[in-house]
Number of protein chains: 2
Amino acid sequence: MVATIKDVAKMADVSISTVSRVINDSKPVSPEARRRVLHAIEVLDYRPNEVARSLVTKKSNLIGVIVDDIGSMYVSYVLRGVEEIGRMYNYDIILLSSYGDPELELKFAKLLFQKQVEGAIIISSTLNQKLMYRLEESRIPYANINRFYDIEEDLTVRINYEEVSFNMVEYLIEQGHKKIASLAIRKDIDRTEEKYKVDGYESAMKEHSLKSSNIYTLGIDEKSFLDISDEIDSAIKNGVTAFFCSQDEIALHLMNYLVDRGMKIPDDISVTGFGGTAMTNIYRPKLTTVRIPYYDIGAVAIRRILKKIEDKDNFSEERILLPVEILKRDSVKKID
Amino acid sequence: MVATIKDVAKMADVSISTVSRVINDSKPVSPEARRRVLHAIEVLDYRPNEVARSLVTKKSNLIGVIVDDIGSMYVSYVLRGVEEIGRMYNYDIILLSSYGDPELELKFAKLLFQKQVEGAIIISSTLNQKLMYRLEESRIPYANINRFYDIEEDLTVRINYEEVSFNMVEYLIEQGHKKIASLAIRKDIDRTEEKYKVDGYESAMKEHSLKSSNIYTLGIDEKSFLDISDEIDSAIKNGVTAFFCSQDEIALHLMNYLVDRGMKIPDDISVTGFGGTAMTNIYRPKLTTVRIPYYDIGAVAIRRILKKIEDKDNFSEERILLPVEILKRDSVKKID
DNA sequence: CTGTTAGCGCGTTCAG
DNA sequence: CTGAACGCGCTAACAG
């Protein structure tokens, strides 16, 4: 049988309140009683039942994390930050993966509520308004970490996409490139961060009196990329020497597309990405890209949630801007 | 205020027992009473508090998952299976990432016990005996999914490494390769699956009267690989035309090493991997490798845990053998 | 400093 | 079929 607080009390010959006091250090206890309690705890190998504890304190020390796919690098990197910081504050993660099913996400909201989680974090590529609504309705503080969408009114952590995009394009220009095409995702572009990246690209081109040329894909998968192969071909025919891609995946698809057609990266075409996951460093040539601090994004998000849990009332809604870094590697060639 | 069972009872003008009966469908309730209860639940938007429920039923419907790094592809793929199957049976995952710290893992065991999880799954590359001991001591059924270690006495899911390795090497031989080197991880090899892969390699070589040549690294990271670069060089000097690698990562490091030195894959050297994660299909050339069914490994593991939870007593300890597949891609060249 | 008591929200006897 | 009463394991007043 597993020992309960009663067993400890009996063995230490004190009341359960005293036991509770020593384990929580909540009120003064005589050295003698404390000693006996500690001893009994040791002997019985007693560990407080967190469920019972939660019931009375109304603190579950649980954060629900809804992701669209654990298998995605992006998600797992963010998760690292969430998990590790959560642990520092004694919070555990209950992980739910929806695979993009919005109905399932709604069920998750209900589930989280029933499990009495104290907060929630959504890591996703799509936007589920109903889910957010449900969470609010249930008064569960949440943060939305989205790979694409830019949600003004929400608890979000951001990076300055426009500036870093500007810098990246300027770097390409410094390397002698003049015909640079941008490759981004069109879907819902007005509500996504893609917009900022494209804006950064265009500012840089304009600043250097260069003509910009935008190509858009519908999604991030290889199929979407293949749909625009004609545009890629004609861009190259028109003398484009470098592609500024808004996502690492797109850059990778592009490089594969070109390599599979006998071109050389970066000798024939230069390519830059955006993200900086491990793959970009393993691929050859190593991809020049923007390192997005996924870990920190997760870390900041959970910190804010925890803060919000502490003082529900006066919660300052500052948006945190995370620094980014350009990783100059081997997919860009200096030309004359 | 959040509605409790009491509120529902009051509104429906019945006792809490009746409410409990309708939500659990545990005992017959008159249609009239049921209707009223259902209506009250609807109006009050009542959702049973799972914490309270757990306290009395002693069922937390929680499975603890201890991983060494969520950021690892391997781990996240397994996690998919665990999560998805768990969900089917109404179990949720509480995720703990140890980053390989054994002490932390011990704390996790305690934590899981306190959270009253009903089972645990460990997804790791190392082996923590103490952790397993703790779990047993706490009577928490667990499964060990290990990337390397082969643990006979445990709940494990396996694949026939030896056979598939044999087939892979035979495939290389069919492609005309005669001097084939094996590249595996030496650390604890007698207790890891690497042994089976190497055995498969050697059987195949022997079967075709070819001389085998084994190279070992100490770990899976790039640094460990670089430590054996001399051996790689001399293997090639000795005419090796193909490398049978025991892990995708090693194959990737190898290809990068060779490419960075001006060699061409597969024109100059053929390479095969083991794993089959996404990266191997994005890299160029696409890696010929073994597809390990990570998802299924996770799925099977949690199924067994759940089964064990159901009938603690008579639990048949059959080991499940999962099928594997060789993905023939572009990193192997047919030679004469 | 300490023990008694009253719940937390719910499932479950056990009489009716 | 139904309700009263008890208890799961623990914390938090409240007296003393």
Side-chain angles (χ1 to χ4, degrees), chain A residues 1-38 40-41 44-62 90 110-118 138, chain B residues 1-38 40-41 44-62 90 110-118 138:
Chain A
M1 245 343 266
V2 181
T4 74
I5 196 171
K6 263 188 202 162
D7 303 320
V8 175
K10 199 173 296 173
M11 176 172 231
D13 199 31
V14 294
S15 74
I16 59 169
S17 334
T18 302
V19 178
S20 175
R21 277 162 199 146
V22 353
I23 61 188
N24 294 313
D25 226 1
S26 49
K27 293 223 172 164
V29 172
S30 73
E32 169 57 14
R34 155 165 282 119
R35 206 192 49 68
R36 290 213 309 276
V37 169
L38 257 18
I41 288 178
L44 298 173
D45 192 27
Y46 166 74
R47 280 80 150 271
N49 179 328
E50 284 296 334
V51 173
R53 222 176 214 179
S54 296
L55 183 59
V56 29
T57 60
K58 287 166 177 352
K59 283 198 89 308
S60 65
N61 279 63
L62 243 34
N90 260 307
K110 180 173 178 181
L111 192 69
L112 290 181
F113 175 79
Q114 299 198 182
K115 292 267 183 193
Q116 313 293 113
V117 302
E118 298 181 41
S138 304
Chain B
M1 246 343 266
V2 182
T4 74
I5 197 172
K6 263 188 203 162
D7 303 320
V8 176
K10 200 173 294 173
M11 177 174 227
D13 199 32
V14 293
S15 73
I16 61 167
S17 330
T18 303
V19 177
S20 174
R21 277 159 199 150
V22 353
I23 61 188
N24 294 314
D25 228 1
S26 48
K27 293 222 172 166
V29 172
S30 73
E32 170 57 12
R34 156 165 281 119
R35 207 192 50 69
R36 291 212 308 276
V37 169
L38 256 19
I41 287 177
L44 297 173
D45 192 27
Y46 166 74
R47 280 80 150 270
N49 180 326
E50 285 296 335
V51 173
R53 223 177 213 178
S54 296
L55 183 59
V56 29
T57 61
K58 285 160 179 353
K59 283 197 88 311
S60 65
N61 279 62
L62 243 34
N90 261 307
K110 178 172 179 182
L111 192 69
L112 290 181
F113 176 79
Q114 299 198 180
K115 292 267 183 196
Q116 312 292 114
V117 302
E118 299 180 40
S138 303

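This structure is a prediction, so every number in the text was calculated from the model and none was measured. Excluded from the calculations below are hydrogen atoms, water molecules and symmetry mates; all remaining heavy atoms, backbone and side chain alike, are included. Throughout, a chain's letter reflects where its sequence line sits, starting with A, and its residues are numbered from 1.
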Item checked: Distance below 4.0 Å between B/R53 side-chain N/O and C/dC10 OP1 or OP2 -> no

Item checked: Between C/dC8 (P) and A/Q114 (CD): distance, integer Å -> 19 Å

Check: When the distance from CG of A/D25 to C1' of D/dA12 is rounded to whole Å, what number comes out?
Finding: 16 Å

Check: Could you give the angle between the helix axes at the two ends of the helix from C/dC1-D/dG16 to C/dG16-D/dC1, with five pairs per end, rounded to 10 degrees?
Finding: 40°

Check: Taking C-beta and beyond as the side chain, do B/N49 and A/Q114 meet within less than 4.5 Å on heavy atoms?
Finding: no

Notebook entry, point to check: Hey, are the side chains of B/R47 and A/K110 touching, using non-hydrogen atoms and a 4.5 Å cut-off?
Noted result: yes

Item checked: Distance, rounded to the nearest Å, where B/I5 contributes CD1 and C/dG9 contributes C1' -> 8 Å

Next item on the list: Provide, to the nearest angstrom, the distance between the CG atom belonging to B/D13 and the P atom belonging to D/dT2.
Entry: 12 Å

Note to self: Tell me which one of B/V2, B/D7, B/I23 satisfies side-chain contact (heavy atoms from CB on, under 4.5 Å) with B/Y46.
What the structure shows: B/I23

Next item on the list: Might you point out which heavy atoms bring A/S26 and A/S20 nearest each other, and give the distance in Å?
Entry: OG-O, 4.3 Å

Notebook entry, point to check: Given C/dC10, is OP1 or OP2 found less than 4.0 Å from the side-chain N or O atoms of B/S20?
Noted result: no

Notebook entry, point to check: Tell me: NZ of B/K27 to P of D/dT2, nearest whole Å?
Noted result: 12 Å

Checklist line | Whole angstrom value for the distance that separates P of D/dG9 from CD1 of A/I23 | finding: 14 Å

Notebook entry, point to check: How many angstroms lie between CD in A/E50 and NZ in A/K59, if you round to the nearest 0.5 Å?
Noted result: 10.0 Å

Next item on the list: Could you tell me the separation between the CZ atom of A/R47 and the C1' atom of D/dC10, rounded to a whole number of Å?
Entry: 17 Å

Next item on the list: Considering just the side-chain nitrogens and oxygens of B/N24, establish if one lies under 4.0 Å of OP1 or OP2 belonging to C/dG11.
Entry: yes

Which pairs, protein N/O on one side and nucleotides 4-8 of chain D N/O on the other, fall under 3.5 Å?
{"unit_1": "D/dA4", "atom_1": "N6", "unit_2": "B/S17", "atom_2": "OG", "d": "2.8"}
{"unit_1": "D/dC8", "atom_1": "O3'", "unit_2": "B/K58", "atom_2": "NZ", "d": "3.0"}

Item checked: A/R34/A/D25 salt bridge by N-O under 4.0 Å criterion -> yes

Check: What is the distance, rounded to the nearest whole Å, between atom NZ of B/K10 and atom P of C/dG9?
Finding: 12 Å

Next item on the list: Classify the side-chain pair B/N61/B/R53 by whether it contains a donor and acceptor separated by less than 3.5 Å.
Entry: no

Next item on the list: Taking only the side-chain nitrogens and oxygens of A/S30, find out if one of them lies under 4.0 Å from OP1 or OP2 of C/dC1.
Entry: no

Checklist line | side-chain contact (heavy atoms from CB on, under 4.5 Å) between B/M11 and B/L44, worked out | finding: CA-CA 9 Å; B/M11 177 174 227; B/L44 297 173; 3.7 Å; yes

Check: Any side-chain N or O of A/S54 under 4.0 Å from OP1/OP2 of D/dC10?
Finding: no

Notebook entry, point to check: How is A/V14 classified with respect to the nucleic acid when contacts are heavy atoms under 4.0 Å: base, sugar-phosphate, or nothing?
Noted result: sugar-phosphate

Next item on the list: For A/S60 and A/S54, indicate whether the former's side chain and the latter's backbone hold a donor-acceptor pair under 3.5 Å.
Entry: no

